[in-house]
Amino acid sequence: MNFLGAHIESIAQVIQLSVAPVFLLAGVSATLNVLVGRLVRIVDRARLTEEQMSGASEIKTTELHERLGVLAERARLISRAIALSVLCAVLVPLVIVTLFIGAILQVNLAMPIAIAFIVALVSLAVGLVYFLREVFVATAALTFGTTHDEFGATQRLRRIVKNS
């Protein structure tokens, strides 16, 4: 009976330890919601831009191709951020499950748990860096009403590269 009491106490401790990763998982879920929303807007904007290309003048077509290039870069960065955030979201529950398995089987799984948690946090951090780069590319591509003639393609591309 003493063994059962000690076992219940260890499970209670695991439940206490698993609360922080659960909050992390909630934060990652919110981050994923934002990232997917941005990806949807990028795809919608790319489709609209492609529709505008039919029947456009040569100068306008060149500008639209540049815009599609920027949108493709943004989509690539956001896709990487999503993949890394999903990796984090997969690893966090694995950490929690491993905590419980270690407690139930009374096995020391500290090293795999620590490694999985570190990888989860690093993937989240790198995903957020990709998100930040996408924001920089998006803001660098803004022209705020300047026409193609006022703001040449070379200047626009320099500005995008400089800010990304």
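All residue numbers in this chain count up from 1 along the given sequence.
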S.K.: Are Leu17 and Leu105 linked, directly or through other ILVMFWY residues, by side chains that come within less than 4.5 angstrom of each other?
M.R.: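 Yes, Leu17 and Leu105 fall within the same hydrophobic cluster.
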S.K.: Nearest 0.5 angstrom please: Leu128 CG to Ser123 OG, how far?
M.R.: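 Taking CG in Leu128 and OG in Ser123, the distance rounds to 9.5 Å.
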S.K.: List in chain and number order the residues that pass side chain to side chain contact (heavy atoms under 4.5 Å, CB included) with Val119, two or more places apart in sequence or in another chain; answer none if no residue qualifies.
M.R.: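 Val119 satisfies side chain to side chain contact (heavy atoms under 4.5 Å, CB included) with Leu91, Ile115 only.
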S.K.: When clusters are formed by joining ILVMFWY residues with side-chain heavy atoms under 4.5 Å apart, either directly or through shared neighbours, do Val107 and Val14 land in the same one?
M.R.: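 Shared cluster, yes.
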S.K.: Which pairs would a plain distance check flag for residues 79-89, meaning a side-chain donor or acceptor within less than 3.5 Å of a matching protein atom at least two apart in sequence or in another chain?
M.R.:
| from | atom 1 | to | atom 2 | distance (Å) |
| --- | --- | --- | --- | --- |
| Ser79 | OG | Ala75 | O | 2.8 |
| Ser85 | OG | Ala81 | O | 2.9 |

S.K.: Under 3.5 Å, which donor-acceptor pairs do the side chains of residues 92-101 form with other protein atoms, sequence neighbours left out?
M.R.:
| from | atom 1 | to | atom 2 | distance (Å) |
| --- | --- | --- | --- | --- |
| Thr98 | OG1 | Leu94 | O | 2.6 |

S.K.: I'd like to know if Leu32 and Val129 are part of one continuous hydrophobic network [Ile/Leu/Val/Met/Phe/Trp/Tyr, side-chain heavy atoms within less than 4.5 Å].
M.R.: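 Cluster IDs for Val129 and Leu32 differ.
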S.K.: Could you please spell out the steps behind the side chain to side chain contact (heavy atoms under 4.5 Å, CB included) verdict for His65 and Lys60?
M.R.: CA-CA 9 Å; His65 274 293; Lys60 184 71 172 171; over 6 Å; no
S.K.: Return the set of residues passing salt bridge (charged side-chain N to carboxylate O under 4.0 Å, His left out) with Arg76 (not counting sequence neighbours), or none when no residue passes.
M.R.: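 Applying salt bridge (charged side-chain N to carboxylate O under 4.0 Å, His left out) to Arg76 gives Glu73.
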S.K.: Got a sec, which residues hit salt bridge (charged side-chain N to carboxylate O under 4.0 Å, His left out) with Arg67, two or more places apart in sequence or on another chain?
M.R.: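 Only Glu63 meet the salt bridge (charged side-chain N to carboxylate O under 4.0 Å, His left out) criterion with Arg67.
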S.K.: Just verifying a value: how many Å separate Leu64 CG and Glu50 CD, rounded to the nearest 0.5 Å?
M.R.: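 Here the rounded value is 10.0 Å.
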S.K.: Atom CZ of Arg41 and atom CG of Leu71: how far apart are they, to the nearest 0.5 Å?
M.R.: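 Output value for this atom pair is 12.5 Å.
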S.K.: So if you build clusters from Ile, Leu, Val, Met, Phe, Trp, Tyr with side-chain heavy-atom gaps below 4.5 Å, do Val28 and Phe23 land together?
M.R.: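 No, no single cluster joins them.
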S.K.: Of the non-hydrogen atoms in Ile78 and Leu35, which two are nearest, and what is the gap between them?
M.R.: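 Shortest heavy-atom contact: CG2-O, 3.6 Å.
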S.K.: So how far is it from Leu77 CG to Arg133 CZ, rounded to the nearest 0.5 Å?
M.R.: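 Here the rounded value is 5.5 Å.
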S.K.: Which value, rounded to the nearest 0.5 Å, describes the distance between Arg47 atom CZ and Thr49 atom OG1?
M.R.: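 Spacing of CZ (Arg47) from OG1 (Thr49) equals 12.0 Å.
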S.K.: For the pair Met53 and Leu68, evaluate side chain to side chain contact (heavy atoms under 4.5 Å, CB included) and give the outcome as yes or no after the intermediate values.
M.R.: CA-CA 10 Å; Met53 289 178 72; Leu68 281 174; 3.5 Å; yes
S.K.: With clusters built from Ile, Leu, Val, Met, Phe, Trp and Tyr whose side-chain heavy atoms come within less than 4.5 Å, directly or transitively, what are the remaining members of the cluster of Leu48, listed by chain and number?
M.R.: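 Under the 4.5 Å side-chain rule, Leu48 groups with nothing.
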S.K.: Taking the side chain as every heavy atom from C-beta outward, state whether Arg38 and Val135 have any pair of such atoms under 4.5 Å apart.
M.R.: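 Yes; the side chains approach each other to less than 4.5 Å.
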